[in-house]
Amino acid sequence: MRLSRYFLPVLKENPSEAQIVSHRLMLRAGMIRQQAAGIYSWLPLGYRVLRRLEQIVHEEQQRAGHIPLLMPTLQSADLWKESGRYDAYGPEMLRIRDRHDRDMLYGPTNEEMITDIFRSHVGSYKDLPLTLYHIQWKFRDEVRPRFGVMRGREFLMKDGYNFDLTKEDALHAYNRHLVSYLRTYERMGLQAIPMRADSGPIGGDDTHEFLVLADTGESEVFYDSRVTDIRLGARDIDYDDKDQCRGVMEEFTALYARTDETHDAGLFEQIPEDRRRVARGIEVGQIFYFGTKYSEPMGALVATPDGERVPVHMGSHGIGVSRLVGALIEANHDDKGIIWPEGVTPFHAGIVNLKQGDADADAACEGLYAALRARGLDPLYDDREERAGAKFATMDLIGLPWRITVGPRGLKAGVVELTSRRTGESEELAPELAVARIAEIYAGL
Ligand code: P5A
């Protein structure tokens, strides 16, 4: 993309309404625009990051054997009356009446709708196990929408639902989700810690929230500092292997890590004092096992091998996709702007032309631009007639991990400058080598 032809409405001033750094930087970098309280447009740069996160989520879900589909945002109230949640959900649910006086709602979650799909099409244990998921907008009429996309009213969620014959199989689905979520967050360059939590309006006894540690997080968390050393890394996971999934889940959750809802001061005190941590975290996902809470009242039954018809065992699992954009910035920024991890960056590298209009500089930039694209990468070329300082400030603000700076003086010596946004370190090298280096960094991401 050439910046002169892009739509990147960066702000020079700090927006006064933003209380936390991610909100401020998203507005300043022209990623989002607020349209109503807690409701945002995703401008091109923000939209690129959102799409990239969706792509990672899709890949990791499908790696775990889960099947994508797409359900609507609007739902009929009838389904929610069957489960009993229409009244129970309260004022967070946006209720709508259509022209025929039918009660509708903008879905805050989809347990009822997926249970309806299941009961209409599946009737036998032979079709199990089954996990269906989608990435779709949700609406929750939060009392206090705040912090930009972190606590929105309309927000993007990946929500998945597993259907299993037995509790044991459903717990495997739970463990499988826990492991695949860890892999998902790690690919995004984030450490999210699974913590025992409270199930709230979704229900069930078994639930873990995934928290990214950040001072601006809304949840208070208590944990053994050793949990932050655990990484999935390059470990090979067979998602069908029940023992392996249980093993990984136990290894992660053996150490104390809880949100304030489930915190137990007595247990916490048994951790050696120097390892006890009280901090704040951003909830970027949650998984639930709730058994037959929806399948029983809604009649989602399956035939067992003995021919008996029993309610199917279920769980649900959510990733806050739009919230993750904010969480990523909370975890990756400095006073100049955002620092995207390579796995989620909106463009792979920036090209800064120090002297637009200079024949050599222009030709070198065009060459770099074409060479990066030929390697399947997406560069952002700042080809505007602007001062070098302004170009650097924009690149620093929008946070591309790598910047290639091209100027007539360097070109005379046959070099361009490659700069890491994270460390600020620069290196002079031949243009082809800069391209090769960037291609190598992104290989396999
Ligand atoms: C699991 C999937 C559920 O709704 N039903 C379907 C279950 N879980 S949850 O924990 O309530 O939500 C899942 C994730 O969505 C994000 N989230 C939000 N993001 C932005 N703004 C909000 N107002 C908001 N509310 C929830 C969180 O990341 C949460 O973990």
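Both counts, for ligands and for their atoms, begin at 1 and track the order of listing.
Side-chain atoms of R323 come within 3.5 Å of backbone N or O of E283 as a donor-acceptor pair.
When the heavy-atom distances from atom 20 (C) of ligand 1 to M150, R144, R153, E111 are ranked, the shortest goes to M150. The heavy atom nearest to atom 2 (C) of ligand 1, out of those in R151, E142, E154, H317, is found in H317.
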Would you list the atom pairs, donor with acceptor, under 3.5 Å between side chains in residues 91-107 and any protein atom, with sequence neighbours excluded?
{"unit_1": "R95", "atom_1": "NH1", "unit_2": "Y86", "atom_2": "O", "d": "2.9"}
{"unit_1": "R95", "atom_1": "NH2", "unit_2": "Y86", "atom_2": "O", "d": "3.2"}
{"unit_1": "R95", "atom_1": "NH2", "unit_2": "G90", "atom_2": "O", "d": "2.8"}
{"unit_1": "R97", "atom_1": "NE", "unit_2": "D103", "atom_2": "OD1", "d": "3.1"}
{"unit_1": "R97", "atom_1": "NH2", "unit_2": "D103", "atom_2": "OD1", "d": "2.9"}
{"unit_1": "D98", "atom_1": "OD1", "unit_2": "H100", "atom_2": "N", "d": "2.9"}
{"unit_1": "D98", "atom_1": "OD1", "unit_2": "D101", "atom_2": "N", "d": "3.3"}
{"unit_1": "D98", "atom_1": "OD1", "unit_2": "R102", "atom_2": "N", "d": "2.9"}
{"unit_1": "D98", "atom_1": "OD2", "unit_2": "R102", "atom_2": "NE", "d": "3.3"}
{"unit_1": "Y106", "atom_1": "OH", "unit_2": "E154", "atom_2": "OE2", "d": "2.9"}

Less than 3.5 Å apart, which donor and acceptor atoms pair up between the side chains of residues 28-35 and the rest of the protein, not counting sequence neighbours?
{"unit_1": "R28", "atom_1": "NE", "unit_2": "L11", "atom_2": "O", "d": "3.4"}
{"unit_1": "Q34", "atom_1": "OE1", "unit_2": "Y40", "atom_2": "OH", "d": "3.3"}
{"unit_1": "Q35", "atom_1": "OE1", "unit_2": "S41", "atom_2": "OG", "d": "2.6"}

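Heavy-atom proximity to V149, at under 4.0 Å, picks out these atoms of ligand 1: 20 (C). Heavy-atom proximity to E283, at under 4.0 Å, picks out these atoms of ligand 1: 10 (O), 27 (C), 28 (O), 29 (C), 30 (O). Close approach of ligand 1 to I202 (heavy-atom distance below 4.0 Å) involves ligand atoms 3 (C), 4 (O), 5 (N), 7 (C). Atoms of ligand 1 lying under 4.0 Å from at least one heavy atom of V284, given by number and element, are 28 (O), 30 (O). If you number the atoms of ligand 1 from 1 as listed, the ones under 4.0 Å from a heavy atom of G285 come out as 28 (O), 30 (O). The atoms of ligand 1 that sit less than 4.0 Å from any heavy atom of D159 are 2 (C), 6 (C). Of all atoms in ligand 1, listed by their number and element, those nearer than 4.0 Å to a heavy atom of Q286 are 10 (O), 30 (O).
The two residues W42 and W137 come nearest to each other via the heavy atoms NE1-CH2, 3.5 Å.
Regarding atom 9 (S) of ligand 1, its nearest protein heavy-atom neighbour is R140 NH1, 4.0 Å. Nearest protein heavy-atom contact of atom 12 (O) of ligand 1 is M157 CE, 3.4 Å. Looking from atom 8 (N) of ligand 1 to the surrounding protein, the closest heavy atom is F288 CE1, 3.4 Å. At the shortest separation from atom 17 (N) of ligand 1 among protein heavy atoms lies F155 CE1, 3.5 Å. The nearest heavy-atom contact from the protein to atom 16 (C) of ligand 1 is G320 CA, 3.6 Å. Of all protein heavy atoms, the one lying nearest to atom 21 (N) of ligand 1 is G152 N, 3.1 Å.
With rounding to the nearest 0.5 angstrom, the CD atom of E342 is 5.0 Å from the OH atom of Y442. Between Q244 atom CD and Y239 atom OH the span is 9.0 Å, to the nearest 0.5 Å.
Using cut-offs of 30° and 60° on the angle between ring planes, the pair H313 and Y289 is parallel.
Stacking of R48 on the aromatic ring of F347 is recorded, both the 6.0 Å distance cut-off and the 45° axial limit being met.
Of the residues listed (D159, T131, T207, N162), the one engaging H317 in a side-chain hydrogen bond (donor to acceptor under 3.5 Å, both in side chains) is N162, and it is the only one.
At least one N or O atom of T109 sits closer than 3.5 Å to an N or O atom of ligand 1.
Contact of the I117 side chain with the M71 side chain is registered, since non-hydrogen atoms from C-beta on lie closer than 4.5 Å.
R280 and E330 are not joined by a salt bridge, as no carboxylate oxygen comes within less than 4.0 angstrom of a charged side-chain nitrogen.
A heavy-atom separation below 4.0 Å is not found between F210 and ligand 1.
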